[in-house]
Amino acid sequence: MHEREPLTDLKESSLDSSAPISLPDERPTNYADRVGEWYISSRSQEYRKKHGLYLTTVPVAEFMAKQIAVSGTNIRILDPAAGAGILCCAAVEALANSNSKPQSIELLAYEVDTELVDPLKTILDYLTIWCRSEHGIQLKARVKNVDFLVEQADALWLMHGLIPYSSDDQNFDIVISNPPYFKIAKSDPRAIAVSKVVHGQPNIYALFMAVSAALLKQDGHFIFITPRSFASGPYFQRFRSVLFDIILPAKIHVFGSRRDAFSRDDVLQENIIFAGVRRDHWHRDETQAVLNISSSCGVNDIQNSEQLSIPMKTALDLSTADKVLQLPLSEGDIQILSLVKRWPNTLGSLGLNISTGPVIPFRATESVDNEGCVHETHVPLIWMNHVCAMRVKWPLNQKKPEYIKRKSAKALLVPNNNYVLMRRFSAKEEVRRLIAAPYIAGDFAVPKIGIENHLNYIYRPNGMLSEDETWGLAALYNSGILDTYFRCINGNTQVSATELRTMPLPEHNVIAALGKKVKRLEGPMEKLDEIVTEMVSVPAREGLVVG
């Protein structure tokens, strides 16, 4: 039994830091949080956004630390974007309070913000004293004020033996992180260094995840809080191939609120906590693997999360090229995934296509107008706010230009045919992610129309959708069934044409019959879910609850 020494206000520290001093018997995680609050209070929102400086809240850090289940006499921890050290402290506290606490801990914390380094060292000094004083654990903590990605990128190539790589800073038992979130150019040195996982314009958080995974030892624990966007979409496809080849997902927590996980920083992002284990090529042997999914509205109810365990093959099908991570949150969600996956068609198999609206108003300033003579000099310009669920409302007589000149914008216009118009983005206040409307050519006696770039439009190449097809497709995309399906496979606020192309659709006769029925209703959204469920469900799904 070690002799407890009193916690001090860091008199042992030789650092000259202006950070707040610790309080008597203050937990290291709480101290780190206070110092973090103090630091970001002096930084502008622009600075925090540029550096991805959004600190983990204490409840989230504690929840993440609870996912740690490693043991041993010496444990090595990596935090590649330490910030104020809140996650570092939570991880060490969890180990120290476990039934099989280690004798010693090695902690490596990277922090690229030079001005944050001294406060971080002060916090880790306090953590070191706390470990020794309260638990008799020897903590060796190091801080590196260098760019983690630039220094450690070669670890990705090591996995496949493509280059020789040797470093003391690998083979970690635990990596835990809240990485920065922002997009970087493909020409950025960090993107070039980890080009193995880059496609399109990468988001830096995925690069942190990939390199960190490569630095873990076998059976090491991988715990990140990130946006959910990596789980699907073409830009992250290469990343998913690498990550899911070496990391076996174990538990994922989904936050229902887009703001709550980082509410003090006013972040609008759909976040998840991803916990997994380093196990190279696990999918060859782990045929019975299970994924545990928990969900909460936000941080305040995180300890009372809803729980769901599903077969890994339900969440992640690695036999496909896309390798999408699907995250159903209830048995009802699982039923809907199963139902939709059985539908036989896609837009392509139905002879349809989808494109993004060609009009970018700030590039067509000479052609767009706030008023105009439709039929003669102008045609309608349809924006995202003109498209409501099952309805196109034009004009709205708002500030945006709602007219576009026929002659000067000729190359940007599309024929006045029947279309399904879909918003490419959903706002946080929208109940549903997918918002579509039937655009019926007969309602506008014009030869062509303008469709703004924040809209996608579905059409029949070298032909035209029938009115029944148009109404039927719009009804499907507005239904609770496809909205739930989309939420399970997609964590973005953006609705991309690529994902809509691959989304399953029912038989053509079902779509047309649905449209014939829905277009007769005075208020089609009022009974839409009921009608869609009735027409697309098989007898075994008659009791399916949608929503």
Side-chain angles (χ1 to χ4, degrees), residues 28 56 61 64-83 85-96 98 100-112 120 124 127-128 131 137-161 165-180 193-194 197 205-226 242-251 273-282:
T56 317
M64 292 173 67
K66 285 182 180 178
Q67 311 313 312
I68 296 172
V70 298
S71 60
T73 57
N74 181 64
I75 301 296
R76 305 184 73 231
I77 305 174
L78 168 68
D79 186 339
I86 298 168
L87 275 175
C88 295
C89 291
V92 171
E93 283 191 40
L95 288 170
S98 67
S100 56
K101 65 182 180 181
Q103 296 175 9
S104 60
I105 298 173
E106 297 177 51
L107 170 62
L108 176 58
Y110 282 83
E111 180 47 55
V112 74
L120 174 60
L124 296 185
L127 180 64
T128 301
C131 281
I137 296 173
Q138 296 301 311
L139 172 65
K140 179 183 178 182
R142 290 184 294 144
V143 175
K144 282 197 171 185
N145 181 212
V146 296
D147 190 297
F148 169 75
L149 293 177
V150 172
E151 180 168 271
Q152 294 286 10
D154 285 350
L156 270 178
W157 306 99
L158 166 73
M159 292 190 305
H160 298 280
Y165 181 78
S166 179
S167 170
D168 291 334
D169 298 331
Q170 58 180 307
N171 294 321
F172 289 94
D173 298 284
I174 301 163
V175 58
I176 188 167
S177 182
N178 170 15
V194 292
V197 297
Y205 81 83
L207 311 187
F208 270 79
M209 291 176 75
V211 175
S212 297
L215 293 171
L216 269 179
K217 65 168 56 172
Q218 290 298 310
D219 294 319
H221 281 227
F222 179 91
I223 308 162
F224 269 71
I225 179 168
T226 71
V242 172
L243 183 74
F244 293 139
D245 187 48
I246 64 172
I247 297 295
L248 168 63
K251 180 172 182 176
I273 294 171
F274 180 100
V277 178
R278 172 79 186 263
R279 201 163 292 166
D280 292 0
H281 317 307
W282 57 269

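Excluded from the calculations below are hydrogen atoms, water molecules and symmetry mates; all remaining heavy atoms, backbone and side chain alike, are included. Here the structure is a predicted model, which means the values were calculated and not measured. One is the number of the first residue; the rest follow in order along the sequence.
Side chains of Lys140 and Ser104 form no contact here, defined as non-hydrogen atoms less than 4.5 Å apart. Contact check for Met64 versus Ile225: side-chain heavy atoms found under the 4.5 Å cut-off. Taking the side chain as every heavy atom from C-beta outward, Ile105 and Pro102 approach each other to under 4.5 Å. Inter-residue side-chain proximity for Leu108 and Phe172 is flagged as met; some heavy-atom pair is nearer than 4.5 Å. Taking 4.5 Å as the limit, every side-chain heavy atom of Gln103 sits out of range of all side-chain heavy atoms of Ile137.
Residues Leu95 and Ser98 share a closest heavy-atom pair of O-OG, 2.7 Å. The nearest pair of heavy atoms linking Leu87 to Ser177 is CD1-C, 3.4 Å. Heavy atoms only, all atoms of each residue included: Tyr205 and Pro179 are closest at CB-CG, 3.9 Å. The two residues Val70 and Asp219 make their nearest non-hydrogen contact at CG1-O, 4.5 Å. The two residues Pro80 and Ile176 have their closest heavy-atom pair at CD-O, 3.9 Å. Contact detail for Ala214 and Ile246: the closest heavy-atom pair is N-CD1, 4.2 Å.
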How far apart are the C-alpha atoms of Val175 and Asp79, what are their side-chain angles, what is the distance that settles it, and do they pass the side-chain contact (heavy atoms from CB on, under 4.5 Å) test?
-> CA-CA 6 Å; Val175 58; Asp79 186 339; over 6 Å; no
What do the steps show when you test Ile223 against Phe274 for side-chain contact (heavy atoms from CB on, under 4.5 Å), and what is the final call?
-> CA-CA 6 Å; Ile223 308 162; Phe274 180 100; over 6 Å; no
Stepwise salt bridge (Lys or Arg N to Asp or Glu O under 4.0 Å) test for Asp280 and Arg278 = CA-CA 6 Å; Asp280 292 0; Arg278 172 79 186 263; 2.6 Å; yes
Under the side-chain contact (heavy atoms from CB on, under 4.5 Å) criterion, do Lys251 and Gln67 qualify, and how do the steps go?
-> CA-CA 8 Å; Lys251 180 172 182 176; Gln67 311 313 312; 3.4 Å; yes
From CA spacing to verdict: side-chain contact (heavy atoms from CB on, under 4.5 Å), Leu139, Leu127 = CA-CA 8 Å; Leu139 172 65; Leu127 180 64; 3.5 Å; yes
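Between the side chains of His221 and Asp173, no donor-acceptor pair is found at a separation under 3.5 Å. For the residue pair Asn74/Glu106, the side-chain donor-acceptor check at 3.5 Å is satisfied.
With Glu111 contributing its side chain and Asn145 its backbone, the two residues share no donor-acceptor pair below 3.5 Å. With hydrogens and angles disregarded, no donor-acceptor distance shorter than 3.5 Å links the side chain of Trp282 to the backbone of Pro249.
Ring geometry for Tyr110 against Phe148 counts as perpendicular: the plane angle is over 60°, on a 0 to 90° scale with 30° as the lower cut.
Exactly one residue among Leu216, Ile174, Leu215, Val277 makes a side chain to side chain contact (heavy atoms under 4.5 Å, CB included) with Phe222. That residue is Leu216.
Atoms CG and CD, from Asp147 and Gln152 in turn, are 10.5 Å apart once rounded to the nearest 0.5 Å. With rounding to the nearest 0.5 Å, the separation of CD1 in Ile77 from CG in Leu107 is 5.5 Å.
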